[in-house]
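The block underneath contains the structure these notes are about, expressed in structure tokens.
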Amino acid sequence: MYSIDLSGKTGLIVGVANENSIAWAIAKILAHAGVRLAFSYQNERLEAKVRALAEQLDDAIIVPCDVLEDHQIWTMYEEIKERLGHLDFLIHSVAFAPREALQGLYLDTRREDYLRALEVSSYSLIALAKHAVPLMTDGGSILALTYIASQRAVPRYNVMGTAKAALEQAVRQLAMELGPNGIRVNAISAGPVQTLAARGIQGFLSMYQAHREKAPLQRSIDKNEIATTALFLCSDMSSGITGSTVYVDAGYHIML
Ligand code: NAP
């Protein structure tokens with residue numbers, strides 16, 4: 001398929017909910033390149049699904065982790081340390097906002113919904129990176145998934161746009177601090193893809209349609225295009241890139 005060889009490398013994938021998840025597309029392509037992967041699942045409701053997917057790959061490990069719980073993050077990394085020894089890649093593909101916050105006006109955003117959205121969707125990158133760094137003894141690559149609503153006003157994307165702006169800034173700040181350790185930190189800004197998280201956004205289908213019409217490539221993107229970019233950003237082919245947001249959106253972001 002692709003000839004990037006990452007055998008001997010290890011990665012943690014956070015954010016597989018089902019076979020449509022962007023994280024799963026990334027996991028498959030990294031596994032194909034030879035990466036041994038650890039997968040986290042948020043709770044028991046999702047365990048069977050994540051386990052069934054992960055078991056399709058060689059030697060994957062599966063660990064629980066709700067990113068809202070510090071002790072679960074700590075326990076997850078203890079298990080990764082014991083079973084993988086070290087870590088080369090961290091893929092952060094997690095986002096959440098309460099449904100009401102993604103409907104109606106941004107002006108009506110409740111304090112608790114704002115805090116929860118930023119905690120799950122932005123702070124979690126810091127919490128996960130903090131424990132990943134000591135395991136990245138030979139440098140590493142950290143990736144987060146973002147969306148253009150971090151830069152623009154998008155109807156009903158509401159507080160998730162705020163969360164993505166914070167996430168992208170965290171990527172830059174972490175890139176600055178971790179560069180001396182040989183750890184690169186980047187974001188992929190993806191065009192709309194039909195997933196579980198996307199379904200929570202009211203009017204997602206019209207966003208999806210508008211994207212296809214406006215994007216220079218006149219189409220939506222495929223999850224595999226996000227995954228190949230992730231593979232590139234994990235590999236040495238991108239060794240000079242850190243602190244960047246790479247758009248995989250058929251060019252939509254350049255349009256007025
Ligand atoms: P997805 O399959 O629903 O993945 C989102 C993941 O976040 C799920 O596995 C979800 O688990 C997890 N999550 C939420 N709260 C969590 C928590 N407290 N602890 C641990 N995990 C938690 O949707 P996706 O579209 O692939 O989303 C992946 C990333 O891509 C997100 O950052 C999203 O914003 C970004 N993105 C998506 C699009 C798009 O159009 N789909 C475009 C640009 C960027 P649960 O199912 O249990 O909540």
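Indexing begins at 1, ligand by ligand and atom by atom, following the structure's order.
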- Please name the residue in the list V154, N158, L102 that meets the side chain to side chain contact (heavy atoms under 4.5 Å, CB included) test with I201. L102
- Message: Tell me whether the count of non-hydrogen atoms from other residues, nucleotides or ligands lying under 6.0 Å of OH in Y208 goes above 12.
- Response: yes
- Query: Quick one: which ligand 1 atoms are inside 4.0 Å of a heavy atom on S21?
  - Reply: 1 (P), 2 (O), 26 (O)
- Query: Nearest protein heavy atom to atom 48 (O) of ligand 1, by residue and atom, and its distance?
  - Reply: Q42 OE1, 3.2 Å
- Task: Return a yes/no value for D66: is any of its N or O atoms, backbone included, closer than 3.5 angstrom to an N or O of ligand 1?
- Result: yes
- Message: Return the closest protein heavy atom for atom 31 (C) of ligand 1 as residue, atom name and distance.
- Response: A95 CB, 3.7 Å
- Message: I'd like to check whether V120 has a polar contact with ligand 1, where a contact means an N/O of the residue lying under 3.5 Å from an N/O of the ligand.
- Response: no
- Do ligand 1 and N18 have nitrogen or oxygen atoms that lie under 3.5 Å from each other? no
- Please indicate whether any nitrogen or oxygen in N20 is less than 3.5 Å from any nitrogen or oxygen in ligand 1. no
- Item | Spacing of NE2 belonging to H32 relative to CG belonging to L57, to within rounding of 0.5 Å | 11.0 Å
- What orientation do Y247 and H253 show, parallel under 30°, tilted 30 to 60°, or perpendicular over 60°? parallel
- Number the atoms of ligand 1 from 1 as they appear, then name those within less than 4.0 Å of a heavy atom of V16, with their elements. 9 (O)
- Item | ligand 1 versus V94: contacting region, heavy-atom distance under 4.0 Å | both
- Item | I91 vs L30, side-chain contact (heavy atoms from CB on, under 4.5 Å): CA-CA, chis, key distance, verdict | CA-CA 11 Å; I91 310 297; L30 289 180; 4.2 Å; yes
- What is the minimum heavy-atom distance between T242 and R184, and which atoms define it? OG1-CA, 3.3 Å
- If Ile, Leu, Val, Met, Phe, Trp and Tyr residues are connected whenever their side-chain heavy atoms lie under 4.5 Å apart, and connections chain through other members, are L217 and Y252 in the same group? no
- Numbering as shown, the atoms of ligand 1 that approach V193 to under 4.0 Å (heavy-atom distance): 39 (C), 40 (O), 41 (N)
- Considering only heavy atoms of T195, which atoms of ligand 1 have at least one such atom less than 4.0 Å away? 23 (O), 24 (P), 25 (O), 26 (O), 41 (N)
- Item | Spatial distance of atom CG (L145) from atom OG (S21) [nearest 0.5 Å] | 10.5 Å
- Residue pairs passing the side chain to side chain donor-acceptor pair (under 3.5 Å) test where at least one lies in residues 131-143, sequence neighbours excluded: none
- With atoms numbered from 1 as shown, which atoms in ligand 1 lie under 4.0 angstrom from a non-hydrogen atom of A17? 2 (O), 8 (C), 9 (O), 46 (O)
- Message: Under 4.0 Å from a heavy atom of G191: which atoms of ligand 1 are those, numbered in the order shown and with their elements?
- Response: 40 (O), 42 (C)
- Output for pair (K9 NZ, I4 CD1), nearest 0.5 Å, gives 12.5 Å
- Give the single entry among T146, V248, L145 that approaches atom 30 (O) of ligand 1 most closely by any heavy atom. L145
- From the options G200, S93, S121, select the one whose nearest heavy atom is closest to atom 29 (C) of ligand 1. S93
- Message: I'd like to check which ligand 1 atoms, numbered from 1 as shown, lie under 4.0 Å from a non-hydrogen atom of G15.
- Response: 4 (O), 6 (C), 8 (C), 9 (O)
- Heavy atom under 4.0 Å from ligand 1: found in K164's side chain, backbone, both, or neither? side chain
- Message: Does only the side chain of L46 get under 4.0 Å from ligand 1, or the backbone, or both, or neither? Count heavy atoms.
- Response: side chain
- Message: With a heavy-atom distance limit of 4.0 Å, tell me whether C65 approaches ligand 1 through its side chain, its backbone, both, or neither.
- Response: backbone
- Going by heavy atoms, is H92 under 4.0 Å from ligand 1? no
- Note on the structure: Output for pair (T10 OG1, H86 NE2), nearest 0.5 Å, gives 4.0 Å
- Message: For D58, give me all partners under salt bridge (Lys or Arg N to Asp or Glu O under 4.0 Å), at least two apart in sequence or on another chain.
- Response: none
- Any non-hydrogen atom of S40 lying under 4.0 Å from ligand 1? no
- Contact atoms of ligand 1, heavy-atom distance to P192 under 4.0 Å: 40 (O)
- Task: Name the option, out of I22, V67, I221, L125, that contains the heavy atom nearest to atom 36 (N) of ligand 1.
- Result: I22
- Hey, does the side chain of S121 reach the backbone of L118 with a donor-acceptor pair shorter than 3.5 angstrom? no
- Does the N or O separation between A197 and ligand 1 drop below 3.5 Å for any pair? yes
- E44 atom CD, neighbour heavy-atom count above 12 within 6.0 Å: no
